[in-house]
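A short write-up of the structure that comes next.
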Amino acid sequence: MVRFAKASALLVSLLGSTSAFTAPKAFLSKSPTTRVGTSSTELEASKCGNYDYDLLVIGGGSGGVRSSRISASHGASVCLVETQLNHGEPNYSAIGGTSSMLGVYPKKLMVFASRYPFDVSEASGYGWNSATPGSFDWKTFMEYKNTEISRLNGIYENMQRNAGVDLMEGYGKFISPHEVEISKPGEEAKVVTADKVLVAVGGWPFKPSIPGIEHTITSNEIFYLPEQPKRIVIVGGGFIAVEFANIMDGLGSDVTLMYRGDMFLRGFDNDMRTHLAEELERNTDIDIQFNTNPTEIKKNEDGSFTVITDSGEVECDAVMYATGRNGKTDTLNLDAAGVATEGTFIPVDNYSKTNVDNIYAVGDVTDRIALTPVALMEGHRLADTLFGGMDRPTDHEYVASTVFTTPEIGTVGYTEEEAVEKFQNVAVYKSKFRPMKHSFPKSEAYSLFKIIVATDTDRVVGVHVATDNAGEMVQGFAVAVKMGATKAQFDETIGIHPTSAEELVTMRSPSYTYVNGEKVE
């Protein structure tokens with residue numbers, strides 16, 4: 001099973017673009033739909049000619065706050081619009097976005113918490129007798145979590161204000177390519193004009209239309225549940241679903257994970273997917289049900305739920321759906337500005353520009369790579385290009401990522417399947433072993449390391465690791481992979497002993513190769 005520790009170092013890497021606690025500027029009101037003009041004292045410093053601002057950013061998530069802050073540092077007049085400035089209902093996220101309020105930061109705190117019982121279970125193997133994990137207090141943890149998220153919320157807001165960014169609380173809606181109406185419940189609407197507009201509204205959880213779907217929660221609500229569900233069904237096969245299954249199991253809930261496919265984590269390397277499934281089967285109590293899809297959810301008289309599938313029923317206290325996310329574009333009135341969409345997402349070019357010359361989009365709403373550091377990169381490069389006199393298109397090749405399960409999966413570059421399709425001639429190096437930390441107390445917890453090499457150039461094009469702290473490990477190797485390191489250069493590197501990471505520089509013989517796309521054992 002999995003379980004908790006502290007997480008302040010993560011804050012520094014995520015806060016490269018945030019903001020914080022000063023009372024929000026007055027909402028600039030007058031009549032219903034009052035136009036904000038440059039005569040306003042709050043806008044006197046604007047240097048943008050006929051517009052109120054050089055840049056108007058709709059959405060205060062990772063990409064939005066980074067772009068607004070960097071644009072302001074380049075001398076642009078910037079306004080950032082966010083639906084609410086403090087986290088919680090009804091929109092849950094606030095300045096700082098999903099990542100800090102509802103995503104990687106609070107989730108990783110829960111990951112740390114969930115890992116303690118397994119760590120304690122190994123204590124006797126190291127001579128610590130009678131060690132027990134104690135009992136987990138959900139309410140206490142959530143109180144601490146909310147305090148920490150409020151602190152981050154404040155930091156993000158202050159960073160924006162200190163950079164000279166104007167913050168407005170409300171919903172942005174296009175009237176034309178250069179005009180955005182901003183509305184807030186109980187306030188009169190305003191129209192703000194800008195030379196350039198950036199859409200950075202992120203995504204929103206998708207739930208299918210089945211009977212009883214209104215009884216379910218998503219990754220939004222789980223961070224605000226007043227009580228820990230003793231039994232929970234999690235539906236989905238992406239990293240959010242698998243991570244929360246692992247988390248809730250580690251915290252002591254009875255977990256059923258339902259996924260309609262044959263294997264979860266589609267898009268990740270197949271060996272990593274299979275290895276994780278085996279580790280969860282061996283070391284957790286999660287009931288993993290592949291090829292299973294709920295057809296109805298019934299609420300019972302005692303407040304519990306019954307999840308009905310084609311193959312049976314499961315009783316539980318909560319049902320969480322993690323079945324993908326849509327772009328949060330439904331209220332933006334994009335048609336008024338002529339912005340093209342693909343479903344709920346906004347297609348953009350390598351400079352994050354939409355089909356409308358002055359309108360841009362970054363982050364999850366563009367459906368490129370839905371990761372916090374990617375949104376930060378997109379927002380920063382856009383600001384540098386628009387206002388910093390630089391030419392900085394986005395670069396989405398060799399982006400590292402981590403699945404925060406136990407063991408973690410750290411990955412950078414191409415999967416085996418992708419590499420074979422792209423490069424044709426490929427060598428695959430693999431090593432599966434029980435790391436020292438777990439072999440000494442005789443725990444059945446195994447690691448899998450994998451390197452993928454394009455043999456025509458000897459370049460390492462993929463590194464995939466399933467082990468403790470894989471994210472920390474792969475972040476370092478991601479630099480080498482991004483720089484174009486070869487397998488020979490990996491081999492020339494002297495390992496740190498004894499560590500699991502040294503395995504990545506000591507694998508000498510390939511497990512198998514591909515020649516012209518055909519596997520050779």
Side-chain angles (χ1 to χ4, degrees), residues 7 9-17 62-63 66 98-100 103-105 107-108 111 238-240 242-243 265-273 275-276 362-364 366-381 392-419 422-423 428-431 447-454 459-487 489-490 493 496 499-505 507:
L10 178 65
L11 170 64
V12 176
S13 64
L14 290 178
L15 289 191
S17 79
S62 299
R66 173 62 64 88
T98 298
S99 172
S100 296
V104 292
Y105 199 84
K107 177 188 69 181
K108 195 164 185 184
V111 169
F239 66 90
I240 295 175
V242 181
E243 287 172 339
L265 296 181
R266 182 167 55 90
F268 287 84
D269 187 89
N270 281 335
D271 283 332
M272 296 294 125
R273 299 165 70 194
H275 179 78
L276 180 62
V362 298
D364 294 5
T366 65
D367 200 25
R368 289 179 282 185
I369 299 177
L371 294 171
T372 298
V374 173
L376 293 171
M377 176 269 292
E378 292 167 355
H380 198 139
R381 292 189 175 206
R392 300 197 69 197
T394 57
D395 180 5
H396 293 93
E397 190 174 27
Y398 297 110
V399 173
S401 65
T402 299
V403 182
F404 290 106
T405 46
T406 302
E408 290 180 6
I409 294 178
T411 177
V412 61
Y414 294 85
T415 67
E416 179 179 329
E417 299 73 29
E418 292 168 341
K422 182 175 178 66
F423 302 105
V428 178
Y429 299 76
K430 290 197 288 189
S431 177
S447 296
L448 177 64
F449 283 55
K450 185 173 184 177
I451 297 174
I452 300 168
V453 179
R459 179 173 181 175
V460 176
V461 297
V463 172
H464 308 277
V465 173
T467 193
D468 298 336
N469 299 310
E472 304 288 351
M473 189 183 301
V474 170
Q475 178 65 84
F477 279 91
V479 177
V481 173
K482 184 70 174 177
M483 293 178 67
T486 64
K487 182 61 168 65
Q489 290 170 326
F490 268 51
T493 303
I496 301 171
T499 65
S500 293
E502 66 181 310
E503 200 73 14
L504 289 172
V505 296
M507 288 189 278

Exercise for the section: For residues Ile409 and Val465, determine if any side-chain heavy atom of one lies less than 4.5 Å from a side-chain heavy atom of the other. Expected result: no
Problem - Val399 side chain reached by Val374 side chain, heavy atoms, under 4.5 Å - result: yes
Fill in the blank from the handout: Taking every heavy atom of Ala470 against every heavy atom of Gly410, the minimum-distance pair comes out as CB-N, 3.5 Å
Exercise for the section: Please test Glu416 against Asn270 for side chain to side chain contact (heavy atoms under 4.5 Å, CB included), starting from the C-alpha separation and ending with a verdict. Expected result: CA-CA 8 Å; Glu416 179 179 329; Asn270 281 335; over 6 Å; no
Handout entry: Side chain proximity check, Glu408 to Val403, heavy atoms < 4.5 angstrom
Key = no
Practice task
Taking the six-membered ring of Phe477 (Phe, Tyr or Trp), confirm whether the NZ or CZ of Lys482 is under 6.0 Å from its centre and within 45° of its axis.
Solution key: no
Completion exercise
All heavy atoms of Thr394 vs all of Arg368, minimum pair found to be OG1-NH1, 3.7 Å
Fill in the blank from the handout: Closest heavy-atom pair, Ala375 versus Gly363, reported as atoms and distance to 0.1 Å, is CB-CA, 3.8 Å
Problem - Check against side chain to side chain contact (heavy atoms under 4.5 Å, CB included), Met507 and Lys430 - result: CA-CA 8 Å; Met507 288 189 278; Lys430 290 197 288 189; 5.6 Å; no
Handout entry: Validation row: Leu276, Leu448 side chains within 4.5 angstrom (heavy atoms)
Key = no
Problem - side chain to side chain contact (heavy atoms under 4.5 Å, CB included) evaluation trace for Thr486 with Val460 - result: CA-CA 5 Å; Thr486 64; Val460 176; 5.8 Å; no
Handout entry: Between Glu503 and Ser431, a side-chain donor and acceptor under 3.5 Å
Key = yes
Practice task
Tell me, with the steps shown, if Phe268 and Thr415 meet side chain to side chain contact (heavy atoms under 4.5 Å, CB included).
Solution key: CA-CA 7 Å; Phe268 287 84; Thr415 67; 5.7 Å; no
Practice task
Compare all side-chain heavy atoms of Val428 with those of Lys450 and state whether any distance is below 4.5 angstrom.
Solution key: yes
Problem - Listed partners of Ala419 passing side-chain contact (heavy atoms from CB on, under 4.5 Å), at least two apart - result: Tyr414, Phe423, Val426, Ile452, Val461
Exercise for the section: State the CZ-CD distance between Arg459 and Gln489, to the nearest 0.5 angstrom. Expected result: 10.5 Å
Practice task
Compute whether any side-chain donor of one residue and acceptor of the other, for His396 and Glu378, lie under 3.5 angstrom apart.
Solution key: yes
Practice task
Would you indicate whether the side-chain heavy atoms of Thr467 and Met473 approach each other to under 4.5 Å?
Solution key: yes
Practice task
Identify the two heavy atoms, one from Phe490 and one from Val481, that lie closest to each other, and give their separation to 0.1 Å.
Solution key: CZ-CG2, 4.5 Å
Handout entry: Backbone N/O of Glu397 and side chain of Asp395: donor-acceptor pair under 3.5 Å
Key = yes
Handout entry: Contact summary for His380 and Arg392, nearest pair of heavy atoms
Key = CD2-NH1, 3.9 Å
Practice task
Taking all non-hydrogen atoms of both residues into account, name the closest pair between Gly471 and Thr402 and its distance.
Solution key: CA-OG1, 3.1 Å
Problem - Glu472 atom CD, neighbour heavy-atom count above 12 within 6.0 Å - result: no
Exercise for the section: Would you check if Thr411 and Val474 make a side-chain contact, meaning some heavy-atom pair closer than 4.5 Å? Expected result: no
Problem - N/O donor-acceptor pair under 3.5 Å between Glu243 side chain and Phe404 backbone - result: yes
Practice task
Check whether any side-chain heavy atom of His464 lies under 4.5 Å from a side-chain heavy atom of Phe449, and answer yes or no.
Solution key: no
